*Asks:* 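Please see the structure below; I have some questions.
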Amino acid sequence: MVKKAEWPKLGYFFGLFLVISAGLAIGRGTADALFLKSFGIQYLPFMYLGLGVLMAIVSTVYAAYADRLAPERTFYILLSALAVMLVGNWYLMIAHYDTVAYPLYYLMFEISSELLIMHASLYFTANFDNEQSKRLLPMTMAGLQLGEVAGGLILTASTLIGVQGLVIVWSVLAATAVVIVLLRHRFVGTSPFFAPGRRGGGLGRTIEQVTQGLKFARRSALLLYSSLAVFFMVVALNCINYAAFAVYNANFKTEAELSVLFGVLTIVASAVTVLVQVFFTGKLINLFGVRAVNLVFPSTTLMCFVGMIAFFNVPAALTTTLNRRVLLPSMRNPSRSLLFDALPDYMQGRARALSLMLVLPCGYIFVGLVLQTLKTWHAPYSYLTAGVFAGVLFLFFSVKTNRAYVEALISTLKERLFLPSEGLGTIKTAGDPELFARLVDGVRHQDEQICLTYARMLVNTFPDKAPEIVLDRKSTRLNSSHGYISYAV
């Protein structure tokens with residue numbers, strides 16, 4: 001699967017992503033522990049409000065200008081700035097500027113985690129062609145999971161190092177990542193598949209993409225419903241996360257105890273996530289279809305709400321945290337990515353820009369306002385009830401997304417009817433009986449061009465089932481059609 005010449009580059013990315021991920025795991029555990037023990041949960045709504053505003057600003061600026069620089073140069077800037085800011089933040093902590101240090105550290109982690117993971121993907125694609133990316137990305141992403149495990153192990157040593165000391169450890173890891181990137185590109189030069197400005201255009205172009213995404217959402221049920229599902233997912237997850245933090249804060253007395261807890265959770269969640277992704281996600285999608293898998297995470301989230309309302313204790317909170325850390329990356333994210341493949345190629349980037357720059361920030365701002373309003377009114381049942389309503393809407397719009405999926409996929413297919421086969425691309429979906437039935441109907445269409453295009457898509461999407469359908473159709477066609485159908489096979 002990996003060619004001999006690819007091992008050095010693969011090892012480089014594996015190691016780099018491991019170091020970055022280990023730092024982020026430390027950052028997540030320490031940011032949560034330090035903020036909770038310094039301020040409690042009552043100020044978390046303000047953090048969500050600030051996070052929503054900062055996420056909108058930072059993601060917009062990043063999207064506008066990141067591609068004007070080589071991706072390794074952007075990594076130099078991001079990682080170097082992070083390392084320096086972490087040292088500065090550590091100084092504020094030991095100097096007891098608590099009102100500035102801990103909120104700033106919390107926001108620093110949230111924003112840096114979004115930027116670094118997003119840029120890691122861009123950096124990877126700038127160094128591998130499409131065929132290599134498909135083969136090597138899963139192994140490279142294993143570095144991220146292993147890095148989380150390593151970061152979790154370091155968190156468990158917080159009683160020895162001190163939680164503030166772990167901030168310096170994260171800074172050292174960020175600086176190490178800078179050195180790794182510098183050494184690599186001193187010898188190999190610029191990333192080979194980097195094209196300056198190919199997605200650039202400044203803030204005006206970025207805002208235009210979001211505007212185009214909004215306009216497309218008005219006529220695309222799939223984009224509209226999936227965006228609403230993301231919005232209510234953010235609201236539901238942060239309501240139940242707020243409740244889980246309340247439980248942790250009440251039962252673990254020191255920041256070191258919380259850090260150890262979050263370290264153990266990180267280790268367990270990362271290990272289970274890898275197992276689920278390797279052994280279950282693909283098989284479940286092939287067996288039940290992407291639409292069924294898309295409903296797993298909304299359903300388990302509602303179950304977690306039931307557990308928190310009924311018990312509101314540490315086991316319920318732990319289940320809630322593991323649900324988010326395991327099933328969100330292993331079930332929700334892959335299914336949503338496959339659903340997005342049904343959108344036209346030219347609109348997929350705009351749809352993701354809409355989600356990142358508008359839907360997610362609005363979700364954080366809205367949940368911050370909700371929690372600020374309800375946090376002292378019959379807590380915790382007031383904000384848990386609000387979360388249940390958001391969870392129900394999350395499930396509802398996920399169902400609506402599923403219903404819109406096949407229609408969007410067929411609509412996208414119709415836009416490609418007169419393209420040559422190399423222009424059709426591959427739509428990554430599997431196991432969907434309704435889609436299979438619609439494609440079979442298309443293969444049986446009387447128009448030769450429509451029949452050919454649907455046959456190609458059937459072969460690409462359901463390679464195991466397609467030959468029988470296509471050959472059966474071939475046997476019923478006139479001789480003039482035989483060559484077309486055989487070419488599709």
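Quick caveat, the model's predicted, so the values are computed rather than measured. Below, all heavy atoms of this structure are taken into account, side chains as well, without hydrogens, waters or symmetry copies. Residue numbers count from 1 along this sequence.
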*Asks:* Do the non-hydrogen side-chain atoms of Phe394 and Leu302 ever get within less than 4.5 Å of each other?
*Replies:*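 With C-beta onward as the side chain, the pair stays apart.
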*Asks:* Could you check whether atom OH of Tyr43 has more than 12 heavy atoms from other residues, nucleotides or ligands sitting under 6.0 Å from it?
*Replies:* no
*Asks:* Parallel, tilted or perpendicular: which fits the ring planes of Phe124 and Phe13, with parallel below 30° and perpendicular above 60°?
*Replies:* perpendicular
*Asks:* Rounded to the nearest 0.5 Å, what's the gap from CZ on Phe109 to CD1 on Ile26? Could you check?
*Replies:* 11.0 Å
*Asks:* Which atom names give the shortest non-hydrogen contact between Thr206 and Ala64, and what distance separates them?
*Replies:*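 In this case the closest contact between Thr206 and Ala64 is OG1-CA, 3.2 Å.
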*Asks:* What donor-acceptor contacts under 3.5 angstrom involve side-chain atoms of residues 140-153, with partners at least two apart or in another chain?
*Replies:*
residue : atom : partner : partner atom : Å
Thr140  : OG1  : Leu136  : O            : 2.9
Glu148  : OE1  : Ser270  : OG           : 2.8

*Asks:* Where is the tightest heavy-atom contact between Ser226 and Thr401, given as atom of each residue plus distance?
*Replies:*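 In this case the closest contact between Ser226 and Thr401 is N-OG1, 3.2 Å.
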*Asks:* What's the verdict on side chain to side chain contact (heavy atoms under 4.5 Å, CB included) for Asn238 and Val370, showing C-alpha distance, side-chain angles and the deciding distance?
*Replies:* CA-CA 10 Å; Asn238 284 287; Val370 169; over 6 Å; no
*Asks:* Within a strict 4.5 Å, meaning less than it, do heavy atoms of the Asn241 and Thr320 side chains meet?
*Replies:* no
*Asks:* Among pairs that include at least one residue of residues 245-270, which meet salt bridge (charged side-chain N to carboxylate O under 4.0 Å, His left out), considering only residues two or more places apart or in two chains?
*Replies:*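 Every pair satisfying salt bridge (charged side-chain N to carboxylate O under 4.0 Å, His left out) with a residue in residues 245-270: there are none.
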*Asks:* Going by heavy atoms in the side chains, are Ile161 and Ile168 under 4.5 Å from each other?
*Replies:* no
*Asks:* For Glu110 and Arg28, run salt bridge (charged side-chain N to carboxylate O under 4.0 Å, His left out): C-alpha distance rounded to whole Å, both residues' side-chain angles, the deciding distance at 0.1 Å, then the answer.
*Replies:* CA-CA 8 Å; Glu110 294 289 348; Arg28 176 166 55 187; over 6 Å; no
*Asks:* Quick check against the 3.5 Å criterion: does His119 have a side-chain atom that pairs as donor or acceptor with the backbone of Pro71?
*Replies:*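 The answer is yes, because a donor-acceptor pair under 3.5 Å joins these two groups.
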*Asks:* More than 12 heavy atoms of other residues, nucleotides or ligands under 6.0 Å from CZ of Arg73: yes or no?
*Replies:*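 12 or below, so no.
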*Asks:* So, for Ser113 and Leu24, which heavy atoms are closest and what is the spacing to 0.1 Å?
*Replies:* CA-CD2, 3.8 Å
*Asks:* Search all heavy atoms of Arg332 against all heavy atoms of Val230 and return the closest pair with its distance.
*Replies:* NH2-CG2, 3.9 Å
*Asks:* With a 4.5 Å limit on heavy-atom distance, are the side chains of Tyr62 and Leu356 in contact?
*Replies:*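 Heavy-atom side-chain distance check fails, nothing below 4.5 Å.
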*Asks:* Would you check if the side chain of Tyr97 reaches a backbone N or O of Asn89 as a donor-acceptor pair within less than 3.5 Å?
*Replies:* no
*Asks:* Closest heavy-atom contact between Val87 and Ser171?
*Replies:*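 Closest heavy-atom pair between Val87 and Ser171: CG2-OG, 3.3 Å.
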*Asks:* Less than 4.5 Å apart, any side-chain heavy atom of Ser158 and any of Gln164?
*Replies:*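 Ser158 does not reach Gln164 side chain to side chain.
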*Asks:* Less than 4.5 Å apart, any side-chain heavy atom of Met331 and any of Leu284?
*Replies:* yes
*Asks:* According to side-chain contact (heavy atoms from CB on, under 4.5 Å), who are the partners of Ser335, at least two apart in sequence or on a separate chain?
*Replies:* Val290, Val293, Asn294
*Asks:* Report the distance from atom CG of Leu393 to atom CE of Met233, rounding to the nearest 0.5 Å.
*Replies:* 14.0 Å
*Asks:* Is a donor on one side and an acceptor on the other found under 3.5 Å between the side chain of Thr321 and the backbone of Ala317?
*Replies:* yes
*Asks:* Using a 4.5 Å cut-off on heavy atoms from C-beta on, say whether the side chain of Thr319 contacts that of Met303.
*Replies:* no
*Asks:* To the nearest 0.5 Å, what is the distance between OG (Ser220) and CG (Leu343)?
*Replies:*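 Output value for this atom pair is 5.0 Å.
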*Asks:* Give a yes or no answer on whether the side chain of Lys37 reaches the backbone of Ala256 with a donor-acceptor pair at less than 3.5 Å.
*Replies:*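 Checked: no pair found.
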*Asks:* Indicate, with yes or no, if the rings of Phe35 and Tyr106 have centres closer together than 6.0 Å.
*Replies:* yes
*Asks:* Please find the pair of heavy atoms, one from Phe311 and one from Ala316, that lie closest to each other, and give the distance.
*Replies:*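 Here Phe311 and Ala316 meet closest at CB-CB, 4.5 Å.
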*Asks:* In Å and rounded to the nearest 0.5 Å, what is the CD1 to OG1 distance from Ile154 to Thr266?
*Replies:* 11.0 Å
*Asks:* Checking Leu354 against Ser227 for the side chain to side chain contact (heavy atoms under 4.5 Å, CB included) test, could you report, in this order, the C-alpha distance in whole Å, the side-chain angles of both residues, the deciding distance, and whether it holds?
*Replies:* CA-CA 8 Å; Leu354 174 67; Ser227 298; 4.0 Å; yes
*Asks:* Which atom pairs, one a donor and one an acceptor, fall under 3.5 Å between side chains of residues 173-195 and the rest of the protein, sequence neighbours left out?
*Replies:*
residue : atom : partner : partner atom : Å
Thr176  : OG1  : Val172  : O            : 2.7
His185  : ND1  : Gly189  : O            : 2.6
His185  : NE2  : Tyr123  : OH           : 2.5
Ser191  : OG   : Glu72   : OE1          : 2.6
Ser191  : OG   : Asn127  : ND2          : 3.1

*Asks:* Can a donor-acceptor pair be found, under 3.5 Å and without considering hydrogens, that links the side chain of Thr300 to the backbone of Phe297?
*Replies:*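 Yes; judged by distance alone, with no hydrogens or angles, the pair exists.
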*Asks:* Tell me the ring pair (Phe, Tyr, Trp, His ring centres under 6.0 Å) pairs involving residues 222-246, sequence neighbours left out?
*Replies:* Phe231-Phe366, Phe232-Phe397, Tyr242-Tyr383
*Asks:* Would you sort out whether Thr159 and Thr254 count as a side chain to side chain contact (heavy atoms under 4.5 Å, CB included), showing the intermediate values?
*Replies:* CA-CA 10 Å; Thr159 53; Thr254 67; over 6 Å; no
*Asks:* Sub-3.5 Å donor-acceptor pair from the side chain of Trp170 to the main-chain atoms of Gly23, do we have one?
*Replies:*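 It does hold such a pair.
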*Asks:* Does the side chain of Tyr105 reach to within under 4.5 Å of the side chain of Thr30, using non-hydrogen atoms?
*Replies:* yes
*Asks:* State the CG-CZ distance between Leu369 and Phe46, to the nearest 0.5 angstrom.
*Replies:*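 It comes to 10.0 Å.
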*Asks:* Can you list the residues that meet the side-chain hydrogen bond (donor to acceptor under 3.5 Å, both in side chains) rule with Glu114, with sequence neighbours excluded?
*Replies:* none
*Asks:* Determine yes or no for a side-chain-to-main-chain donor-acceptor pair under 3.5 angstrom, with Thr281 supplying the side chain and Val276 the backbone.
*Replies:* yes
*Asks:* Between Leu86 and Trp90, is a side chain to side chain contact (heavy atoms under 4.5 Å, CB included) present by the stated rule, with each step listed?
*Replies:* CA-CA 6 Å; Leu86 286 172; Trp90 171 79; over 6 Å; no
*Asks:* Considering the options Leu327, Asn333, Leu328, which one meets the side-chain contact (heavy atoms from CB on, under 4.5 Å) requirement together with Ser330?
*Replies:*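 Exactly one option meets the side-chain contact (heavy atoms from CB on, under 4.5 Å) with Ser330, and it is Leu327.
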*Asks:* Report the distance from atom CG of Leu318 to atom CG of Leu265, rounding to the nearest 0.5 Å.
*Replies:*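 If we round to the nearest 0.5 Å, Leu318:CG and Leu265:CG are 5.5 Å apart.
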